[in-house]
Peer 1: 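Would you mind keeping the following structure in view while I ask a few things?
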Number of protein chains: 2
Amino acid sequence: MNKPSNTADDILAAARRFIVAGGYNGFSYADIAEVIGIRKASIHHHFPSKVDLVQTLVRRYLEDAVTGMGELERKIPQSPELLRTYTGYWAQCIEDASRPFCVCALLASELPALPPEVAVEVRAYFQFLSGWLAGVIERGVEQGTLTISAAPRVEAEAFMATVHGAMLSARACGDAAAFATIMAPTLQKLIPATD
Amino acid sequence: MNKPSNTADDILAAARRFIVAGGYNGFSYADIAEVIGIRKASIHHHFPSKVDLVQTLVRRYLEDAVTGMGELERKIPQSPELLRTYTGYWAQCIEDASRPFCVCALLASELPALPPEVAVEVRAYFQFLSGWLAGVIERGVEQGTLTISAAPRVEAEAFMATVHGAMLSARACGDAAAFATIMAPTLQKLIPATD
DNA sequence: ACGAAACTACCTACTAGTAGGTAGGAAAGA
DNA sequence: TCTTTCCTACCTACTAGTAGGTAGTTTCGT
């Protein structure tokens, strides 16, 4: 039912790897062309401009996050376990180097220099993630499974910040395990009387 | 007593602004030349290569941090007040847009794509900052002015991560006040029984 | 008159993007 | 069924502009 052509997906995947490594200006059409084995003009066939490419990439990234978080919420009703699974997901991604950084976290860092079409998509991701975390935390408080010291929205922002900062630290000290090490006490502070 | 020539400093200052805005690949010698009103060839006189320029910039950034933190420790012996002052400093910088992001935090995000000479300097900054924070936290625990739930080194890493992540969030939501909002509960969790 | 700091003028390599064409398959009309 | 037409996917070959960097010269302060 779906198009069998996966070149566009290959381009997006390569672009994601490059962006995660070095940001928006850290790669070129030539770089992508080389790793997937086509000419750079062919990339323009799938994505007329670099802005189109990255915009599509980030938009899809957000869509995947929305559906992914939805599934996660369905499977795991308890907030503490939900937060643990979320950070565990990233810990895994960083550990096996499959997705060693969040695309949007990286792009956000260079937001003032980003094309506006891309910037708006990045901002949307942050808004979604922070909103989702706020919801999870709020529910946890209502269930009595989480203890917080500020408003859920603020706690959510702080949690998200720590996740992104922990990615940065893991990268900076070249130690993938650093992410999990940093997140452990952060989770502990939200979850009362665990194991 | 100091050299009256400030062009090299002007170049470094301009480069810092550009890097803070868009990272290592987000600016060119031409960009710097334009804003400070010289030709780009003249920049090569002061900094033969871009690597030299950014390496010098990051090295000086670390030196300034080392002396700055030293002074801070001399002036403020109490750990809670020290952490508050440190985050307050960044809150101020972000608020007045004078230094809306940490140079090394930004460069760390694109670390895999950075020239190795620059990467090593960035890593040194992270090591210093995390070590300094660990010392501050350890002393606070000994003084009984801080309560922690993990080893001082881990708490320090988590604190640093939250600071960097909060910068990112402030940038992403385009609201400078977000930084202080995020840091408030983070500080509160470390400081027991405060007003 | 000497060196530092700036300049003009240039280089090569690479950037995103375009023009125009080709190979092959699907569709559609007689 | 054959042929024309269209489409997708890719190609070669090119453009204008920008990247970092160099060579050689002039300007300026002491």
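Throughout, protein chains are lettered first and strands after them, A, B, ... in sequence-line order, and every chain is numbered starting at 1. Everything numeric in this text was worked out from a predicted model, so none of it was measured.
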Peer 1: Evaluate whether atom CZ of A:Arg139 has more than 12 neighbouring non-hydrogen atoms of other residues, nucleotides or ligands under 6.0 angstrom away.
Peer 2: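 Yes, the 6.0 Å shell around CZ holds more than 12 heavy atoms from other groups.
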Peer 1: Would you say B:Gln143 has more than 12 foreign heavy atoms packed within less than 6.0 Å of its CD?
Peer 2: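 Yes - once you tally the heavy atoms of other residues, nucleotides and ligands closer than 6.0 Å, there are more than 12.
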Peer 1: Can you tell me if A:Arg60 has over 12 outside heavy atoms packed within less than 6.0 Å of its CZ?
Peer 2: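 Not buried by this count: 12 neighbours or fewer within 6.0 Å.
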Peer 1: Could you list by number each residue of residues 108-118 of chain A showing a heavy-atom separation from DNA chain D of less than 4.0 Å, or answer none if no residue does?
Peer 2: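 Listed by number, there are none.
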Peer 1: One character per nucleotide, please: for nucleotides 13-23 of chain D, 5' to 3', B when the base has a protein heavy atom closer than 4.0 Å, S when only the sugar-phosphate does, - otherwise.
Peer 2: ------SBBB-
Peer 1: Identify the residue among A:Glu121, A:Glu117, A:Glu63 that makes a side chain to side chain contact (heavy atoms under 4.5 Å, CB included) with A:Val58.
Peer 2: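 Single side chain to side chain contact (heavy atoms under 4.5 Å, CB included) partner of A:Val58 among A:Glu121, A:Glu117, A:Glu63: A:Glu121.
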Peer 1: Kindly say if B:His45 contacts the phosphate of C:dA5, meaning a side-chain N or O under 4.0 Å from OP1 or OP2.
Peer 2: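 Yes, such a contact exists.
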Peer 1: Does atom CZ (B:Arg153) have a neighbourhood of more than 12 heavy atoms from anything else shown, all under 6.0 Å?
Peer 2: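 Counting neighbours around CZ of B:Arg153, 12 or fewer heavy atoms of other residues, nucleotides or ligands fall under 6.0 Å, so no.
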Peer 1: Let me know the distance between CD1 of A:Ile36 and C1' of D:dA9, rounded to the nearest Å.
Peer 2: 12 Å
Peer 1: Exactly one of B:Phe159, B:Phe179, B:Phe101, B:Phe126 should register a ring-ring contact (aromatic ring centres under 6.0 Å, His included) with B:His164. Which one does?
Peer 2: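 It is B:Phe126, the one option of B:Phe159, B:Phe179, B:Phe101, B:Phe126 that forms the ring-ring contact (aromatic ring centres under 6.0 Å, His included) with B:His164.
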Peer 1: To the nearest Å, give me how far apart CZ (A:Arg39) and P (D:dT12) are.
Peer 2: 5 Å
Peer 1: I'd like to know if A:Lys189 and B:Glu155 make a salt bridge, using a cut-off of under 4.0 Å between side-chain N and carboxylate O.
Peer 2: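 Looking at B:Glu155 together with A:Lys189, the answer is yes, because their closest N to O distance falls below 4.0 Å.
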Peer 1: Answer with yes or no whether the side chains of A:Ser49 and A:Asp52 bring together a donor and an acceptor at under 3.5 Å.
Peer 2: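 Their side chains do contain a donor-acceptor pair, which is all the 3.5 Å distance test asks for.
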Peer 1: Just how far, in rounded Å, is C1' of C:dA6 from CD1 of B:Ile32?
Peer 2: 16 Å
